[in-house]
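Bear in mind the structure is a predicted one, so any value in this text is a computation, not a measurement. By convention in this document, chain letters (A, B, ...) are assigned in the order of the sequence lines, proteins followed by strands, and residues within each chain are numbered from 1.
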Amino acid sequence: MSRLAKRFASLARDGRKALNTYIVAGDPVPEATVPAMHALVAGGADLIELGVPFSDPEAEGPTIQAGIERALAHGVTLGDVMDMVSAFRRDDRDTPVVLMGYLNPFLRMGYEDFCTQAVAADVDGVIVVNLPPEEAGTFQEALRSRHMDLVLLVAPTTTAERAAYIAGQGSGFLYYVSYKGVTGARHADAADVAKRLTGIRAVAGGLPVLVGFGIKDGASAAAIAPHADGVVVGSALVDTMGSTPVAGIGNRLKAQVRDIRDALD
Amino acid sequence: MSRSNRVPYEAPTDDGRFGDYGGRFVAETLIHALDELTRLYASVSRDSAFQAALARELKDYVGRPTPLYRADRLTEHAGGARIYLKREDLNHTGAHKINNTVGQAMLASRMGKTRLIAETGAGQHGVATATVAARLGLECRVYMGSEDIARQSINVYRMKLLGAEVAPVNAGSRTLKDAMNEAMRDWVTNVDNTHYIIGSVAGPHPYPMLVRDFQAVIGNEAKEQCLAAEGRLPDLLVACVGGGSNAMGLFYPFVDDDGVDIVGVEAGGEGLGTGRHAAPLNAGTPGVLHGSRTYLMDDESGQIAETHSISAGLDYPGVGPEHAFWKDLGRARYASVTDDEALAAFRVLNQTEGIMPALESSHAVAWTLREAARRPREDIILVNLSGRGDKDIHTVAAIDGIEV
């Protein structure tokens, strides 16, 4: 059983919602990332999404763009990101880590090379923002043969028929984007999400559905969570990474995640 | 030329592939809009009323057909093959870009969209989009890198006069690629009421196909005009390639004419060896950016590289996927010329023919001057003069140390 599947099974057993937390690898400095990952877990995160810096992040709002720019200023590469996951694994064998980014760095490394290194680093899966399932074939096979998950996204504009197709192609969990727009731009509308998620969960075939975009604190997490299997928090954490002196990041992240965790539970 | 034993060119496939290139590498939110656009485009392609209305717009509003002009003094200067110029600079707004924006604005109206957005480098596509928005009474926002805003101030002001909002983009290299990122972000947010007019044969399917088809009027006219003037097809087609829409517009109608050689000219900047250029087909590798798989300039970790060209319209790290396909097929060759060569050609065309080309188009002229000298007088070279150079006067004057 994959680390993601195990984690979702145990959450379901306990009747808890998944809290998935996103930070950008290498933001604001490379040495901050592994301690920040441990802080997220200490605060109550169930999953970590580690952003892979890319020069042209088309779907990100200003906050995450800024985080990516801070990381790129230190020349952080996909290889470096996997080294960070390896370092994290020395102290945490259980928390699933999913890499989230844009296709070109993966393509440039080569899918086979990437998968070999990702397995060695104990990466659990990837989310590639600009890789819809129709384009994912080769990468998906490479991931699947190593038991890594390709997490796919469903948007408010996705038709019901297509949502079923995407659910059939993806693995790990299904990521529902709560609104039309870039990350961190708006609030997730709970009523709207509730309406859409009923249909999506019906076609998800048992795949957990997590909601991201527009969830920034305990209140917004608690409003969305009843309709989903969990939530994703990103921009709010990246904002903390960018506005806190490096030495203080751990404590602030932990407290921030703890607030959301408490609201969810 | 006998073509009996070869299958006619047919690309892209239904899923937008040109061989290994193209496709649809975008966020899920946009898939529905791309599907809708694809379906609408397929239906208007068969709709004679739409096609007739488009032809009327091109004639009465854009001013088509543009002349095919035999440039005798330029020919004499080069000292070899005869050079013809396809005068896209004579279109309304001064470049080929409007062929596409007129067509896409008609599609936007059919979809009931009330707002147009565009990215622009040199500003020609921005002006062409602002123009059709004014003509149709649509709201318009144009994204432009702040570096390009500085070097293309005339076009920025033109867009404002046309009623468009020009949104400066300060991210990354502050040029065309960053403007395109920002336009994609706008589109993802406002997809319900907004149509994104991509200005080149780039982006996710169906854009590379749709923009090519709207621009193919260039090649279709040129073919007829060359046959009328010379009784035969040209030996060689030449056009500059940034994203590659003027080039594909000229080239595409000739794809099955095996006797016609095709050369696209990329921006060699300060020289391919310096790394400061914008020539992905000459010096790049295949990758994925802005919705399609194509040749790109990126570093070994997959970050998109900063590019350089004297011409803002060519200053882009990618290229339309169909050009990538043609490069691999060998149907076209892709050369490059430097900033200095393009500038020299800019001056030569001014002084031999009384025509001021855009710095983009000057790249095609520069390569042609080199090539014409190597060819006999009997050969015909047909060059796409994609735009006029008024917008570049400040850039050239600054190089000459003159304040205008």
Side chain to side chain contact (heavy atoms under 4.5 Å, CB included), paired with A:Met148, selected from A:Val119, A:Leu99, A:Val98:
A:Val119
With chain B, the option among A:Pro105, A:Pro156, A:Ser55, A:Pro133 that has the most non-hydrogen atom pairs under 4.5 Å is A:Ser55
Contact part of A:Leu72 toward chain B, heavy-atom cut-off under 4.5 Å: side chain, backbone, both or neither?
side chain
Checking A:Pro57 against chain B: side chain, backbone, both or neither under 4.5 Å from a heavy atom?
both
Are A:Glu112 and A:Arg146 within salt-bridge range, i.e. N to O under 4.0 Å?
yes
Could you tell me if B:Gln104 and B:Tyr207 have a donor-acceptor pair between their side chains, going purely by distance under 3.5 Å?
no
Can you tell which part of B:Asp192 gets under 4.5 Å to a heavy atom of chain A, answering side chain, backbone, both or neither?
side chain
Per-residue tally against chain A (heavy atom, under 4.5 Å) across B:Asp186, B:Val288, B:Thr285 peaks at B:Val288
Using the salt bridge (charged side-chain N to carboxylate O under 4.0 Å, His left out) rule, take A:Glu141 and A:Arg144 through it: C-alpha gap first, then chi angles, then the decisive distance, then the call.
CA-CA 5 Å; A:Glu141 273 167 41; A:Arg144 197 174 278 153; over 6 Å; no
Aromatic contact between B:Tyr21 and B:Phe325, with the criterion being ring centroids under 6.0 Å apart: yes or no?
no
Taking side chain as everything from C-beta outward and backbone as N, CA, C, O, which of these in A:Val76 sits under 4.5 Å from a heavy atom of chain B? Side chain, backbone, both or neither.
backbone
Taking the inter-plane angle between the rings of A:Phe54 and A:Tyr102 on a 0 to 90° scale, is it parallel (under 30°), tilted (30 to 60°) or perpendicular (over 60°)?
parallel
Side chain of B:Ser200, backbone of B:Gly244: donor and acceptor closer than 3.5 Å?
yes
Select, from A:Pro62, A:Ala185, A:Gly181, A:Ala136, the one with the greatest count of heavy-atom pairs under 4.5 Å involving chain B.
A:Gly181
Report which part of A:Val128 has an atom under 4.5 Å of a heavy atom belonging to chain B: side chain, backbone, both, or neither.
neither
Which one wins on heavy-atom pair count under 4.5 Å against chain B: A:Glu134, A:Glu69, A:Lys180?
A:Lys180
Okay, side chain of A:Thr157, backbone of B:Thr29: is any donor-acceptor separation there less than 3.5 Å?
yes
Under a 4.5 Å heavy-atom cut-off, does chain B meet the side chain of A:Leu78, its backbone, both or neither?
neither
What part of A:Thr159 gets within 4.5 angstrom of chain B, counting heavy atoms only: side chain, backbone, both, or neither?
side chain
Candidate list A:Asp189, A:Leu197, A:Val211, test side chain to side chain contact (heavy atoms under 4.5 Å, CB included), partner A:Ser178, passing option
A:Val211
Please classify the contact between A:Glu58 and chain B as side chain, backbone, both or neither, with a heavy-atom cut-off of under 4.5 Å.
both
Select one option (side chain, backbone, both, neither) describing which atoms of A:Arg162 are under 4.5 Å from chain B's heavy atoms.
side chain
Does A:Arg70 reach the main-chain N or O of A:Val29 with its side chain, forming a donor-acceptor pair under 3.5 Å?
no
Do you know which of B:Met184, B:His290, B:Arg293 has the most heavy-atom pairs under 4.5 Å to chain A?
B:His290
Interchain contact, A:Glu60 with chain B, by part (heavy-atom threshold 4.5 Å)
backbone
Would you check if there is a donor-acceptor pair between the side chains of A:Ser171 and A:Asp149 at a distance under 3.5 Å?
yes
Under 4.5 Å from a heavy atom of chain A, the part of B:Ile304 involved
both
Portion of B:Ser173 that has a non-hydrogen atom of chain A nearer than 4.5 angstrom
neither
Answer key: most heavy-atom pairs under 4.5 Å with chain A among B:Glu182, B:Arg185, B:Gln303 is B:Arg185
For B:Val191, which atoms come within 4.5 Å of any heavy atom of chain A: side chain, backbone, both, or neither?
side chain
Does the side chain of A:His74 pick up a donor-acceptor pair with the side chain of A:Asp27 at under 3.5 Å?
no
